[in-house]
Amino acid sequence: MSSKAAAQPPEISRRGLMLVLSSPSGAGKTSISRRLLQEDRRLTMSVSVTTRAPRSGEVDGRDYHFIDVPRFEEMVEDGQLLEHARVFGNYYGTPRGPVEAALAAGNDILFDVDWQGTQQLNEKMPDDVVGVFILPPSHLELERRLRSRAQDSEEVVIGRMKKAADEMSHWPEYDYVIVNHDLETCVSQVTAILWAERLKRERQVGVGDFVRGLIADGPA
Ligand SMILES: Nc1ncnc2c1ncn2[C@@H]1O[C@H](COP(=O)(O)OP(=O)(O)OP(=O)(O)O)[C@@H](O)[C@H]1O
Ligand SMILES: Nc1nc2c(ncn2[C@@H]2O[C@H](COP(=O)(O)O)[C@@H](O)[C@H]2O)c(=O)[nH]1
């Protein structure tokens, strides 16, 4: 065997996980998600449907599937959404098909959903969900970030700030809590969580076979 082949890590089959990020609006979920997706090829984003209008620069199918209310209601009726909620006056939901396909393929999926969505995902797939709650460093900084994004009207920013306390009151429902003070640090911390959760014994469904092989290969 060449030394290159010997250096390959063993493939141990694994069940995918659902990494769920929630926070008050503007604390940094989208920024963190983009970085995680750039750095980790086994992570895919769950692209939600929403009835909200696209922000400038948002791309249909990448950031969201932008749909109208009748289509949203049809998807709910048909059971096409794994979870759904009304947030800031608009409807949002997670399409079921891509999530089930990714999990079956042993891939991990990243979700940017509010506390209502997290509760529903936890009820349906409690063993697969890893919940991470992102807090802003301060109320003032949250407001500064919402404004500096410069993509929402003053009315929308005020509405989102009013709901921040309500969203933050759900932090005890999550497995991990991180303060997004510095984006780099925060991305490293979420990455550490992702790896620790991937390596959990119960998710490494192929580890039994791997160990049996190791034992069989050893001296009698
Ligand atoms: N650690 C950070 N330091 C400074 N600015 C940050 C940090 N993290 C994110 N931001 C900025 O804050 C703004 C809001 O971030 P982002 O859009 O990622 O928040 P969000 O939680 O996804 O919001 P929403 O729930 O409304 O979608 C953006 O302009 C982003 O660049
Ligand atoms: N329950 C769900 N919440 C979702 C989903 N997609 C996004 N969201 C949450 O909505 C707010 C606002 O998002 P924005 O893009 O309009 O700023 C934010 O808290 C998201 O986490 C979803 O599919 N289900």
Side-chain angles (χ1 to χ4, degrees), residues 18-38 45-67 71-72 75-76 80-99 109-124 129 131-153 155-171 173-174 178-190:
M18 298 162 70
L19 185 66
V20 180
L21 304 184
S22 297
S23 78
S25 178
K29 298 176 299 297
T30 308
S31 313
I32 297 162
S33 300
R34 286 192 180 143
R35 287 286 310 279
L36 291 172
L37 292 165
Q38 276 168 12
M45 188 80 203
S46 166
V47 180
S48 298
V49 294
T50 183
T51 61
R52 129 162 122 58
R55 294 189 183 115
S56 85
E58 281 186 328
V59 176
D60 187 36
R62 183 194 70 183
D63 300 294
Y64 281 105
H65 301 287
F66 295 99
I67 60 175
R71 174 71 188 128
F72 185 90
M75 291 184 83
V76 173
Q80 291 181 46
L81 301 179
L82 208 48
E83 63 75 33
H84 59 91
R86 187 158 193 245
V87 191
F88 309 130
N90 295 302
Y91 294 103
Y92 296 81
T94 300
R96 179 188 295 276
V99 174
I109 315 155
L110 183 59
F111 297 79
D112 173 339
V113 300
D114 81 329
W115 63 270
Q116 305 172 83
T118 308
Q119 283 187 351
Q120 294 169 51
L121 294 176
N122 260 319
E123 273 162 30
K124 287 189 176 147
V129 171
V132 181
F133 200 85
I134 308 292
L135 289 168
S138 67
H139 189 83
L140 261 182
E141 173 62 9
L142 181 66
E143 190 166 351
R144 192 199 66 75
R145 286 182 192 174
L146 269 178
R147 290 188 199 287
S148 73
R149 187 164 66 187
Q151 285 185 321
D152 295 311
S153 66
E155 191 189 349
V156 168
V157 169
I158 290 170
R160 288 180 177 226
M161 284 305 293
K162 278 192 184 149
K163 292 271 183 195
D166 184 36
E167 182 80 32
M168 284 193 283
S169 72
H170 290 275
W171 69 268
E173 297 161 27
Y174 290 73
I178 297 177
V179 178
N180 177 18
H181 178 66
D182 169 67
L183 186 62
E184 295 304 314
T185 308
C186 189
V187 169
S188 303
Q189 289 167 336
V190 180

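Indexing begins at 1, ligand by ligand and atom by atom, following the structure's order. Keep in mind that the numbers below use all heavy atoms, side chains included, and drop hydrogens, waters and symmetry copies.
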For Ala85, counting its heavy atoms only, list the atoms of ligand 2 lying under 4.0 Å from any of them. 1 (N)

What I want to know is whether Ser25 and ligand 2 share at least one N or O pair that is separated by under 3.5 angstrom. no

Closest to atom 15 (O) of ligand 2 among protein heavy atoms sits Tyr64 OH, 2.5 Å

May I ask you to check whether over 12 heavy atoms, not counting those of Lys163, lie within 6.0 Å of atom NZ? no

Worked check of side-chain contact (heavy atoms from CB on, under 4.5 Å) between Ile67 and Met75: CA-CA 10 Å; Ile67 60 175; Met75 291 184 83; 3.9 Å; yes

If we number the atoms of ligand 1 from 1 as shown, the ones under 4.0 Å from a heavy atom of Ser23 are 21 (O)

Atom 19 (O) of ligand 1: which protein heavy atom is closest, and how many Å away? Gly28 N, 3.2 Å

Of the protein's non-hydrogen atoms, which lies at the shortest distance from atom 26 (O) of ligand 1, and what is that distance? Ser25 OG, 2.5 Å

Taking atom CD1 of Ile134 and atom CD of Glu167, what is their separation to the nearest 0.5 Å? 11.5 Å

Taking the side chain as every heavy atom from C-beta outward, state whether Phe66 and Arg52 have any pair of such atoms under 4.5 Å apart. yes

Judged on heavy-atom distance to atom 3 (N) of ligand 2, which of Leu121, Val49, Asp114 sits nearest? Asp114

Nearest heavy atom to atom 11 (C) of ligand 2: which of Leu81, Val87, Val113 does it belong to? Val87

I'd like to check whether Tyr92 has a polar contact with ligand 2, where a contact means an N/O of the residue lying under 3.5 Å from an N/O of the ligand. yes

Could you tell me, atom by atom, which parts of ligand 2 come under 4.0 Å of a heavy atom of Arg52? 14 (P), 15 (O), 16 (O)

Are any of the N/O atoms in Ser48 less than 3.5 Å from those in ligand 2? yes

Against heavy atoms of Gly93, which atoms of ligand 2 measure under 4.0 Å? 22 (C), 23 (O)

Looking at Thr94, which atoms of ligand 2 are within less than 4.0 Å of one of its heavy atoms? 23 (O)

Taking 4.0 Å as the limit for heavy-atom contacts, which would you say applies to Gln119 with ligand 2: side chain only, backbone only, both, or neither? neither

Against heavy atoms of Leu183, which atoms of ligand 1 measure under 4.0 Å? 1 (N)

For ligand 2, which atoms, with element, lie under 4.0 Å from some heavy atom of Gly117? 1 (N)

May I ask you to check if ligand 2 and Asp112 share an N or O to N or O distance below 3.5 Å? yes

Please round to the nearest 0.5 Å and tell me the distance separating atom OG of Ser25 and atom CZ of Arg149. 5.0 Å

Looking at CG of Leu110 and CE of Met45, how far apart are the two atoms once the value is rounded to the nearest 0.5 Å? 4.5 Å

Tell me which one of Arg145, Arg35, Glu141, Arg34 gets a heavy atom nearest to atom 2 (C) of ligand 1. Arg145

Taking atom 20 (P) of ligand 1 as the reference point, the nearest protein heavy atom with its distance: Lys29 N, 3.5 Å

Among protein heavy atoms, which sits nearest to atom 22 (C) of ligand 2, and what does the distance come to when rounded to 0.1 Å? Glu83 OE2, 3.3 Å

Regarding ligand 2, does Arg55 bring an N or O atom to under 3.5 Å of one of the ligand's N or O atoms? yes

Identify, for atom 31 (O) of ligand 1, the protein heavy atom at the shortest distance, and state residue, atom and that distance. Ser31 OG, 3.9 Å

How far is atom 24 (P) of ligand 1 from its nearest protein heavy atom, and which residue and atom is that? Arg149 NH1, 3.4 Å

Applying side-chain contact (heavy atoms from CB on, under 4.5 Å), run through Ser22 and His170 and close with a yes or a no. CA-CA 9 Å; Ser22 297; His170 290 275; over 6 Å; no

Rounded to the nearest 0.5 Å, what separation is found between the CZ atom of Arg35 and the CG atom of Leu183? 6.0 Å

Any salt bridge linking Asp114 with Lys29? Criterion: basic side-chain nitrogen under 4.0 Å from a carboxylate oxygen. no

Are any of the side-chain heavy atoms of Val47 and Pro95 separated by less than 4.5 Å? no

Of the listed options (Thr185, Leu146, Asn180), which comes nearest to atom 1 (N) of ligand 1 when hydrogens are ignored and any heavy atom counts? Asn180

Do Thr118 and Tyr174 come close enough that some side-chain heavy atom pair is under 4.5 Å? yes

Contacting atoms of ligand 2, where contact means under 4.0 angstrom from a heavy atom of Lys29: 19 (O), 21 (O)

